[in-house]
2 protein chains.
Amino acid sequence: MPLIERLPKKQRHQHLLKLIEENPFVTDRELTRELKVSIQTIRLDRMELGIPELRERMKQMAEHSYDQVRSLPLDEVVGEVVDLQLDKSGISIFEIRDEHVFSRTQIARGHYVFAQANSLAVALINDEIALTASADIRFLRQVHMGEKCIAKAYVRSMNGHKGKAKVEVFTYVGEEMVFQGNFVIYRSTGEENFEGGM
Amino acid sequence: MPLIERLPKKQRHQHLLKLIEENPFVTDRELTRELKVSIQTIRLDRMELGIPELRERMKQMAEHSYDQVRSLPLDEVVGEVVDLQLDKSGISIFEIRDEHVFSRTQIARGHYVFAQANSLAVALINDEIALTASADIRFLRQVHMGEKCIAKAYVRSMNGHKGKAKVEVFTYVGEEMVFQGNFVIYRSTGEENFEGGM
DNA sequence: ACTGTTTTAGTACCAGGTTCTAAAATGATT
DNA sequence: AATCATTTTAGAACCTGGTACTAAAACAGT
């Protein structure tokens with residue numbers, strides 16, 4: 001029973017866990033290049049660690065995002081999507097915290113409010129590639145720390161199945177509208193003829 | 001050229017679209033049972049309709065939800081200010097990194113590019129409180145991972161010592177302009193009469 | 001040298017497809 | 001009825017990213 005030098009395996013397991021956490025879309029073959037062991041070892045490791053194969057991981061993520069209709073944790077920046085009807089409308093909630101405000105004034109930095117609206121607008125578009133082409137935005141009043149921004153987005157038009165979609169977003173704190181924006185989103189399913197877009 | 005009774009195909013396409021929308025996890029084989037046609041027909045139909053295979057659909061869903069969960073800080077997204085002449089002009093540099101892009105396309109999320117420009121515009125205003133009131137922005141082309149965005153901002157007008165300032169921001173990657181925005185910034189030293197602002 | 005673990009190799013097999021070729025069925029036109 | 005285009009079906013080869021299994025090799029410790 002070997003007692004010393006048993007570390008490499010454990011270390012590799014840690015490394016493996018980290019790599020897969022960093023990029024759940026990595027294949028075993030790609031992992032061999034990173035970990036410098038054979039693909040069989042990778043697979044033995046995954047077994048020992050109970051990590052499912054790539055396709056199963058993707059399936060789980062897809063199912064997770066699919067049936068967890070509510071409480072989809074978008075991101076702390078972007079807010080939490082609480083309702084999403086693709087190509088129609090969506091709602092996200094974002095609480096302004098310490099790290100989002102100017103420390104002097106405790107007023108939220110504009111780009112966080114924008115980011116919430118922008119992310120929601122993009123998330124709404126049911127397309128492979130959805131990028132913001134342009135936006136016209138108004139910050140109607142300051143948002144302060146601790147306030148909850150509720151952004152409601154509506155798809156207003158939809159040039160065919162490809163092209164541009166117009167999405168209007170209203171952000172409220174309570175009854176008060178604090179932000180309003182008109183986004184033009186590119187919904188270019190695999191095409192190359194962008195004028196621009198993010 | 002058959003002219004009548006061409007409906008069945010179109011109808012089947014509609015049915016197919018509906019079935020896949022209802023359950024994106026359905027396999028072609030399962031669809032044959034529902035639509036009573038051969039698996040080849042299902043596949044021809046998917047091709048014509050541009051519907052990817054099950055695994056690709058799952059992958060896209062997984063990436064979609066992953067992207068949402070993943071986008072990070074935005075805190076210090078602002079970029080690095082390398083030149084600043086208060087109330088006149090400024091330059092900041094921001095490199096697009098892994099955490100700023102959609103993983104599928106490696107294209108930067110719009111709000112990061114916006115955040116750089118917004119932060120610079122606000123930083124330019126030599127005032128106690130400077131908040132974005134509104135903005136009109138254009139994303140001129142996609143920015144990809146690894147590219148360095150150089151934002152140049154110019155103060156265009158300056159209503160008195162208080163009130164609104166107009167700031168124009170151009171963001172370049174190399175020689176190419178990738179973003180352009182007109183910001184209206186509140187510069188209200190003694191606050192009070194906000195209409196809005198961030 | 002003999003054990004036990006760890007790693008590597010190789011084969012067969014699987015789902016859920018794509019790609020291609022080609023035959024059959026269907027329907028409309030003359 | 002014979003002809004033509006469209007639509008549907010069939011079949012085989014191939015692909016990715018694996019699983020399952022067997023077995024040999026490489027190490028490590030005693």
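A note on names: the letters A, B, ... follow the listed sequences, proteins ahead of strands, and every chain is numbered from 1.
Residue A/R57 is out of contact with every strand shown, counting any heavy-atom pair closer than 4.0 Å. Using a 4.0 Å heavy-atom distance criterion, A/R43 is classed as a base contact. Note on B/M58: nothing from the nucleic acid sits closer than 4.0 angstrom, heavy atoms only.
Using a 4.0 Å cut-off on heavy atoms, the residues of residues 32-39 of chain B that approach DNA chain D are B/V37, B/S38, listed by number.
Heavy-atom distances to DNA chain D give each of A/V26 and B/T41 a nearest nucleotide, and the one nearer the 5′ end belongs to B/T41.
Rounded to whole angstrom, the span from the CZ atom of B/F25 across to the C1' atom of C/dG17 amounts to 17 Å. In this entry the distance linking CZ of B/R46 with C1' of C/dG17 reads 7 Å, nearest Å. The distance from atom CG of B/L31 to atom P of C/dG17 is 9 Å, rounded to the nearest whole Å.
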Every protein N/O within reach of nucleotides 11-13 of chain D N/O, cut-off under 3.5 Å:
| residue | atom | partner | partner atom | Å |
| --- | --- | --- | --- | --- |
| D/dG11 | N7 | B/Q40 | NE2 | 3.3 |

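Each of B/V167, B/I185, B/D87 was evaluated against B/L124; a single residue qualifies, B/V167, per the side-chain contact (heavy atoms from CB on, under 4.5 Å) test.
Heavy atoms from other residues, nucleotides or ligands lying under 6.0 Å from CZ of B/R97 number 12 at most.
Using a 4.0 Å cut-off, some side-chain N or O of B/R12 falls inside it from OP1 or OP2 of D/dT8.
Taking 3.5 Å as the limit, the base of C/dG17 and the side chain of B/R55 contain no donor-acceptor pair of atoms between them.
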